[in-house]
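Just below is one structure, and these are the notes that go with it.
Chain A is the first sequence line, chain B the second, and so forth, proteins listed ahead of strands; every chain is numbered from 1. Computed from a predicted model, the values in this text were never measured in an experiment.
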Number of protein chains: 2
Amino acid sequence: MTTRWLTPEEQRAWRAYIAATHLLEDTLDRQLQQDAGMPHLYYSILATLSEAPERRLRMTELAEALKITRSRLTYAVTRLEKDGLVRRESCRWDRRGSVAVLSDAGTAEVERAAPGHVETVRASLFDHLDEEQVGQLEAICTTIVRSLQGEDASTPAGDDLPWRRRSSPCS
Amino acid sequence: MTTRWLTPEEQRAWRAYIAATHLLEDTLDRQLQQDAGMPHLYYSILATLSEAPERRLRMTELAEALKITRSRLTYAVTRLEKDGLVRRESCRWDRRGSVAVLSDAGTAEVERAAPGHVETVRASLFDHLDEEQVGQLEAICTTIVRSLQGEDASTPAGDDLPWRRRSSPCS
DNA sequence: TAGGTTTGTTTCAAACTTGAACCAAGCTAG
DNA sequence: CTAGCTTGGTTCAAGTTTGAAACAAACCTA
C-alpha cells in the first residue's frame with residue numbers, strides 16, 4: 001500500500017504540535033526546576049498523589065494515571081522518597097504491591113509550588129485560548145488518548161481520577 | 001495576588017493534554033526505535049535536514065527549528081555522525097559555525113523509515129481528527145509557540161522552514 | 001497442591017538530557 | 001587596534017529514561 005502522506009494542513013499542524021510540546025515541556029520543566037528543584041513529571045507525581053484518596057496510590061495506578069512506564073515511575077519515586085516527599089508502603093491486600101504515599105512534607109511542597117506552576121500553565125497556554133479552544137483541545141487530546149490505549153474506550157479520559165477537587169495543583 | 005486556579009474545563013483539557021503527549025511521544029519513540037533504531041527526535045533531525053536546501057543546516061538553525069537546546073542537538077548529531085547518517089562540516093562564512101549535512105546513507109534512511117513513521121502519526125492522530133480539528137490543533141499549537149517564544153510573533157510558526165515539499169517525512 | 005502462567009515491581013546497563021562552564025570567533029566602542 | 005561583550009558550539013558531570021531481565025507473590029488448573 002502506497003504511503004498516505006500528510007496533507008499540507010496536516011503537516012502544518014504536526015510541525016506546530018511538535019514545536020508547541022517541546023517548548024511547553026521545556027518551560028514547565030525549567031519553572032519547576034527553579035522553583036521546586038524537580039522536573040515537571042516529579043511534580044505531577046506529587047500533585048496526583050495529593051488528589052488521591054488518603055494521598056496514596058498503588059505504583060501501577062500512578063503510572064497509568066500519568067501514562068508513564070512503571071520503571072520510570074520507580075526511579076522517580078525513589079528520588080522523591082530520598083527527598084522525603086513520598087514514602088513507600090507495602091500493600092496489605094496484595095503483598096506484591098507497593099503503595100506510594102505523599103508525606104506531610106510532600107503535601108506542603110505541592111501546596112508551596114502549585115501557584116507558580118498553575119501560573120506558568122496559564123501564562124503559557126490557557127490565557128491565550130478562548131473557552132471554545134479549551135474544549136477543542138480537550139476533545140482532540142481525548143481522541144489521541146483513546147486511539148492509543150483506550151481501545152476499550154469506556155471512560156472519557158481523565159475521569160479515571162474522579163476524586164479530583166476544584167482548586168487543584170493541576171499536575 | 002491570589003492564584004487563578006484552573007477551571008474544571010481547563011483541568012480536564014490539561015489532564016488530557018498531558019496524557020496525550022506522553023502516550024504519543026511513547027508511541028512514536030517505540031515505533032521508530034523498532035523500525036529505525038533511533039528515538040523520535042533523532043528521526044526528526046534527519047527529516048528536517050532532508051528538507052533543507054542542500055540537506056544542510058547550521059547547528060543553531062536546526063536546534064531552533066526543532067525547539068531543542070543546542071547541547072541536546074550536539075549530542076544527537078554526534079551519535080548520528082557515528083552512525084554515518086550525518087556529517088559535520090565547518091561553516092565557510094563564520095568560522096565558529098558548524099553545519100550538519102545529511103549523508104546519502106542518512107537520506108536513504110529517512111526515505112526508508114518515513115512511510116512507517118507517517119503511518120504511525122496518521123494512525124495515532126490524524127485518522128481520528130476531521131479537517132476542522134486539524135485546523136484547531138494547528139491554531140492552538142501555534143498560539144502556544146507564540147506565547148512561549150514568538151514574542152516578536154512575525155512568522156506564523158512553522159513557516160520558518162518554508163522550503164518544505166509536499167510528501168514530507170514529517171519529522 | 002505442584003507446576004505453570006500472569007501480575008506487580010524493581011534492577012541494571014546503556015542511552016539520553018540538562019545546565020553550567022568553557023572555548024573560540026565575531027563584533028563594537030573607545 | 002583592542003579590551004570587553006555577544007554568539008556559535010562543545011564538553012562534562014549529574015540526573016533521568018529506556019527496555020530487557022529478574023524476582024516474587026498471586027492465580028490458575030489439572
Side-chain angles (χ1 to χ4, degrees), chain A residues 21-45 56-83 85-101, chain B residues 21-45 56-83 85-101:
Chain A
T21 51
H22 281 171
L23 287 172
L24 192 42
E25 238 339 72
D26 265 28
T27 302
L28 297 176
D29 272 337
R30 263 196 275 280
Q31 187 270 318
L32 282 166
Q33 194 69 54
Q34 285 294 315
D35 195 359
M38 66 183 77
H40 179 210
L41 176 66
Y42 291 53
Y43 173 85
S44 298
I45 291 172
R56 63 178 56 232
L57 235 27
R58 292 276 304 253
M59 292 296 279
T60 295
E61 293 178 84
L62 193 43
E64 269 161 13
L66 296 168
K67 315 302 183 199
I68 61 174
T69 61
R70 291 193 210 54
S71 102
R72 193 178 178 185
L73 181 62
T74 294
Y75 179 90
V77 167
T78 302
R79 194 258 229 207
L80 292 171
E81 201 171 18
K82 265 175 205 135
D83 295 349
L85 304 176
V86 164
R87 78 178 162 279
R88 271 185 246 245
E89 292 182 6
S90 52
C91 180
R92 244 206 277 357
W93 303 286
D94 182 343
R95 258 174 313 179
R96 290 168 301 182
S98 81
V99 182
V101 187
Chain B
T21 51
H22 281 171
L23 287 171
L24 191 43
E25 241 335 74
D26 266 28
T27 302
L28 296 176
D29 271 338
R30 262 195 275 281
Q31 187 270 318
L32 281 165
Q33 194 68 55
Q34 284 294 316
D35 195 0
M38 67 184 78
H40 180 210
L41 175 66
Y42 291 53
Y43 173 85
S44 297
I45 291 171
R56 63 177 56 233
L57 236 26
R58 295 274 305 251
M59 292 297 279
T60 296
E61 294 178 83
L62 193 43
E64 269 162 12
L66 296 167
K67 314 301 182 201
I68 60 174
T69 62
R70 292 200 210 56
S71 102
R72 192 178 179 186
L73 180 62
T74 295
Y75 179 89
V77 166
T78 302
R79 194 258 229 203
L80 292 171
E81 201 171 20
K82 264 175 207 137
D83 295 349
L85 304 176
V86 165
R87 78 178 161 278
R88 270 185 246 246
E89 292 182 7
S90 52
C91 180
R92 244 204 279 354
W93 304 287
D94 182 343
R95 257 175 312 179
R96 290 168 301 182
S98 81
V99 182
V101 188

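Think of the region where chain B sits on DNA chain C: with heavy atoms and a 4.0 Å cut, that region ends 5' and 3' at C:dA15 to C:dG26.
Here A:Arg95 lies in heavy-atom contact (under 4.0 Å) with sugar-phosphate atoms only. Within the 4.0 angstrom heavy-atom criterion, only backbone atoms of the sugar-phosphate kind lie near B:Ser98; the bases stay farther away.
The CG atom of A:Leu57 sits 8.5 Å away from atom CG of A:Leu66, with the distance rounded to the nearest 0.5 Å.
Between A:Arg70 atom CZ and D:dA22 atom C1' there is a gap of 14 Å when expressed in whole angstrom units.
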Would you give a per-nucleotide map of nucleotides 15-21 of chain D, 5' to 3', where B means the base has a protein non-hydrogen atom under 4.0 Å away, S means only the sugar-phosphate does, and - means neither? SBBBB--
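Position along DNA chain C of the nearest nucleotide to A:Met59 versus A:Arg96 favours A:Arg96 as the more 5'-ward residue. The 5' end of DNA chain D is approached more closely, in terms of each residue's nearest nucleotide, by B:Thr60 than by the other of A:Trp93 and B:Thr60.
A sub-4.0 Å separation between OP1 or OP2 of D:dT10 and a side-chain N or O of B:Arg88 is present.
Not counting sequence neighbours, the partners of B:Gln33 by the side-chain contact (heavy atoms from CB on, under 4.5 Å) test are B:Pro39. In this structure B:Arg96 satisfies the side chain to side chain donor-acceptor pair (under 3.5 Å) test together with B:Asp94, sequence neighbours excluded.
Note on residues 21-45 of chain B: pairs passing ring-ring contact (aromatic ring centres under 6.0 Å, His included), not counting sequence neighbours, are B:His40-B:His117, B:Tyr43-B:His117. Under the salt bridge (Lys or Arg N to Asp or Glu O under 4.0 Å) criterion, no residue pair touches residues 68-78 of chain B, with sequence neighbours excluded.
You'll find the side chain of B:Val77 reaches within 4.5 Å of the side chain of B:Met59, heavy atoms only. Looking at heavy atoms from C-beta onward, B:Met38 lies in side-chain contact with B:Leu85 at the 4.5 angstrom threshold. Residues B:Thr21 and A:Lys67 have side chains not in contact (no heavy-atom distance under 4.5 Å, counting atoms from C-beta outward).
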